[in-house]
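One structure is given below, encoded as structure tokens.
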Amino acid sequence: MRFSKMFIPTLREAPADAESISHILMLRAGYVRQLAAGLYIFLPLGWRVLGRINAILKQEMEAIGAQEISMPILHPAEIWQQTGRWDVIGDEMFRLKDRNDRDFCLGMTHEEIMTWLASREIRSYRDLPQVWYQIQTKLRDEARPKSGVLRTREFIMKDSYSFDATDEGLEKNYQLHAEAYHRIFNRCGLRFMQVESDPGMMGGGYSHEFMAPSPAGEDEIALCDGCGYSANVELALSVPSAIDLQEWDKEEIHTPEKRTIKEVSNFLKLAPMYFIKSILVITDQGPVLALVRGDQELHEKKLARIIGSHRPAQKIEVKEILGVEAGFIGPMGRDMRIVADNSLKEGSYVGGANKPHYHVKGVKADRDFRAEWHDIHIAKQGDLCTNCGKPLHVERVIEIGNIFKLGTKYSGALKAVFLDENGQEKPIIMGSYGIGPARIAAAAVEQNFDKDGIIWPKSIAPFDIELVPINMNDPKTVEVAEALYKELTSDGFALLLDDREERAGVKFKDADLIGIPIQIIIGEKNLKEGLVEIKDRKTKETVRVKVEEVAASLKQT
RNA sequence: CGGGGCGUAGCGCAGUUUGGUAGCGCGCACGGUUCGGGACCGUGAAGUCGGAGGUUCAAAUCCUCUCGCCCCGACCA
């Protein structure tokens, strides 16, 4: 392609409403434009990148036997009502009516529709397994679109769905997908890891996420260097750092106006880890008291898995229910449901005395209160691995893919059943597997850039090579540029030829910004010796090569 | 949905406090000089000051309402 004929609107300055690296660079380098919050236009360069990513996705999906199909984006409500998600999901689903007042929604994902298809067409175990996938637009009315192309309201997703007769079949397809995902992300040049995750709204039992480390990410994962344990902090288990267990005699202490752990800790000159943090939450079945160690944070999702959905109690409610104001509440002598973090089992602690301006030192589990014991704290840097006891570290990541074992959640609801060898009717066992191509692109930029611009991994760059003839008025320069363009194109490289009548500085700046991995610079002085420069975008290293040897030297790398 | 910030030319911004009828840089068009890291000189085009209403002789500026965008949080494959 010729630069002069291609629409590549580069920007010298970053638009004010871009914050994250990938957002700024993709805007500045002319890859995308924003239409509205969370809605992006992919310009020619951006679309080429997505095209290359999608080509890799297709190859690897086909390689594990997945078959590409295409599903509608507009879905009738009934199918979503049958699985219950029409009601469960809420504001995140775009809903609309047709001219006959029938309810529809825009697809946020395609479990329902894929399962509907299976329910109509699959009859026998002989029809199984099937793996269907598509690269299709999804729509979600995100509460807060952000970070450019990383979190949008409309986005393309590669989503595949496996249909099996047996759990072993599902396990196999799950593993095949995990392996394919490793190949895909490796080929896309990303640093990533696979972690255990929370299935969330997908339901079902078991899932993993693929995470690309980046400060721009929205998720955090806990990693163990010792045994390789890795999980989203949403469910990561951990052993809080050990403390010298205390066995204090029980003693009431006057703590005037000292309400928070921090205040009491400073007042008593005692580290926060020797305190019990008592948090009152409200569930449909009534109030529950949650206890964590003073240096920990309560993990609401972990708690929700034990007691169901809940919300924090308001200050007034604390007073009404517990009879004492927040800040001095404790578990002692409470006749209510108490869920406590495992770390409080041993030793004695300081907790609220259940009377204003007093705390109690020497509160001891089982003697002074009874609780259900669980891991309900947020795993944090420095906590220890529950497997091997080595320290965990916490890293910020971009979610680039996920795999779910759905089981029969959708097939059951939509009556997607088959007859097994014995003529018995059974629900199909399903899995679903997603990858966001735009997130791969954004993660690649977040992981590979410098002050001058993007540095694309070779596999997903919009072009393999950019030719930079410096002086378009020099006939020899143009001649060599055209010849190289022809030769390298026929060698199978994708070339961008910067044939604009621009000054050298402008071309260099744009080339670095756009981030094509190899630049070939064609200048008059070098040409006199029959040489051109091959420059590596990442290292900025330049080698001078004879014009005739350019093709050969590129094939080596 | 809660908190904060911002809407003035294609982009980045000043002007708003103290009302007087809109400006700078980049970009764009034309002419000239330049030509290996975003050149220089000259000329020029381009703005319902996000929108609506109000106050006033007069509103980008003051008041009310409204829309949009960004950030933090809540939420979330």
Side-chain angles (χ1 to χ4, degrees), chain A residues 9-20 23-24 27-30 33-39 85 88-93 107-111 136 138-148 150-160 197-204 207-211 216 218-219 232 234 300-301 304 309 311-312 398-404 406 432-436 438-439 451-453 468-474 477 498 500-514 519 521-527 532-533 535 540 542 544:
Chain A
T10 60
L11 262 23
R12 188 186 291 237
E13 285 176 285
D17 51 8
E19 190 97 344
S20 68
H23 193 195
I24 291 171
L27 241 22
R28 279 195 56 208
R33 286 295 183 262
Q34 184 175 20
L35 174 65
L39 297 175
R85 285 162 117 192
V88 171
I89 286 176
D91 290 339
E92 212 181 327
M93 181 185 277
M108 2 193 339
T109 175
H110 281 79
E111 278 77 17
Q136 179 62 286
K138 313 287 179 204
L139 291 117
R140 293 180 191 176
D141 195 356
E142 286 287 348
R144 185 148 96 82
K146 56 183 284 200
S147 304
L150 272 176
R151 184 166 213 80
T152 54
R153 295 193 291 178
E154 175 176 325
F155 56 98
I156 294 170
M157 180 160 125
K158 187 293 296 175
D159 48 326
S160 37
S197 72
D198 178 357
M201 81 167 191
M202 304 300 294
S207 66
H208 285 90
E209 289 166 325
F210 290 79
M211 302 296 212
E218 303 178 86
D219 288 285
N232 197 309
E234 285 175 5
E300 306 214 352
K301 284 185 180 167
S309 69
R311 60 175 176 82
I398 298 168
E399 181 186 351
I400 47 177
N402 50 37
I403 53 181
F404 296 95
L406 299 175
S432 91
Y433 317 88
I435 287 183
R439 282 193 171 184
K451 65 172 177 28
D452 294 313
V468 186
I470 286 170
N471 182 3
M472 289 303 289
N473 293 317
D474 174 49
T477 300
D498 191 349
R500 296 175 301 167
E501 304 235 1
E502 285 287 355
R503 299 168 60 84
V506 173
K507 292 190 178 191
F508 290 146
K509 287 288 183 189
D510 274 345
D512 287 348
L513 220 206
I514 289 166
Q519 300 168 13
I521 297 156
I522 303 153
E524 282 177 86
K525 278 181 201 146
N526 283 319
L527 270 189
V532 297
E533 294 164 61
K535 181 174 151 192
K540 303 251 165 124
T542 299
R544 297 202 302 164

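Proteins get letters first, then strands, A, B, ... in listed order; numbering begins at 1 in each. Being a predicted model, the structure only gives us computed values, none of them experimental.
For Glu524(A), the side-chain contact (heavy atoms from CB on, under 4.5 Å) partners two or more places apart in sequence, or in a different chain, are Asn471(A), Asp474(A), Thr477(A). Scanning for side-chain contact (heavy atoms from CB on, under 4.5 Å) contacts around Glu154(A) gives Leu39(A), Thr137(A), Leu139(A), with sequence neighbours left out. Legend: residues meeting salt bridge (Lys or Arg N to Asp or Glu O under 4.0 Å) with Asp91(A), ordered by chain and number and at least two apart, are absent. For Leu11(A), the side-chain contact (heavy atoms from CB on, under 4.5 Å) test picks out Pro15(A), Arg28(A), Arg33(A), with sequence neighbours left out. Partners of His208(A) by ring-ring contact (aromatic ring centres under 6.0 Å, His included), not counting sequence neighbours, listed by chain and number: Tyr174(A), Tyr206(A). For Arg12(A), the side-chain contact (heavy atoms from CB on, under 4.5 Å) criterion is met by no residue, not counting sequence neighbours. For Ser160(A), the side-chain hydrogen bond (donor to acceptor under 3.5 Å, both in side chains) test picks out Lys158(A), His177(A), with sequence neighbours left out.
Between the side chain of Lys451(A) and the base of G37(B), no donor-acceptor pair of N or O atoms lies under 3.5 Å.
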Find every protein N or O atom lying less than 3.5 Å from an N or O atom of nucleotides 31-34 of chain B, and list the pairs.
| residue | atom | partner | partner atom | Å |
| --- | --- | --- | --- | --- |
| U34(B) | O2 | Arg503(A) | NH1 | 2.6 |

Can you name the atoms? Protein N/O to nucleotides 9-13 of chain B N/O, anything below 3.5 Å, with the distance.
| residue | atom | partner | partner atom | Å |
| --- | --- | --- | --- | --- |
| G12(B) | OP1 | Ala16(A) | N | 2.6 |
| G12(B) | O2' | Glu13(A) | OE2 | 3.2 |

So which protein N/O to nucleotides 1-8 of chain B N/O distances come out below 3.5 Å?
none

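Pairing for A59(B) is absent, with no Watson-Crick or G-U wobble pair whose two atom distances lie under 3.5 Å. Checking C75(B) for Watson-Crick or G-U wobble geometry (two distances, each under 3.5 Å) identifies no partner in any strand. Remark: G44(B) base-pairs with C28(B); criterion is Watson-Crick or G-U wobble with both hydrogen-bond distances under 3.5 Å. Pairing for U64(B) is with A52(B), a Watson-Crick or G-U wobble pair whose two hydrogen-bonding atom distances lie under 3.5 Å.
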Sequence neighbours excluded and cut-off under 3.5 Å, please list the side-chain donor-acceptor pairs for residues 502-510 of chain A, or say none.
| residue | atom | partner | partner atom | Å |
| --- | --- | --- | --- | --- |
| Lys507(A) | NZ | Pro469(A) | O | 2.8 |
| Lys507(A) | NZ | Asp498(A) | O | 2.9 |
| Lys507(A) | NZ | Arg500(A) | O | 2.8 |
| Asp510(A) | OD1 | Thr10(A) | OG1 | 3.1 |
| Asp510(A) | OD2 | Arg500(A) | NH1 | 3.2 |
| Asp510(A) | OD2 | Arg500(A) | NH2 | 3.1 |

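Residues Arg144(A) and Lys146(A) have side chains in contact (heavy-atom distance under 4.5 Å, counting atoms from C-beta outward).
Under 4.0 angstrom from either OP1 or OP2 of G27(B) there lies at least one side-chain N or O belonging to Arg12(A).
In this structure, Leu150(A) atom CG and C71(B) atom P are separated by 11 Å, rounded to whole Å. The nearest whole Å value for the distance from the CD1 atom in Ile156(A) to the P atom in A77(B) is 21 Å.
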Which letter, B, S or -, goes with each nucleotide of nucleotides 40-49 of chain B from 5' to 3', with contact meaning a protein heavy atom under 4.0 Å? ----------

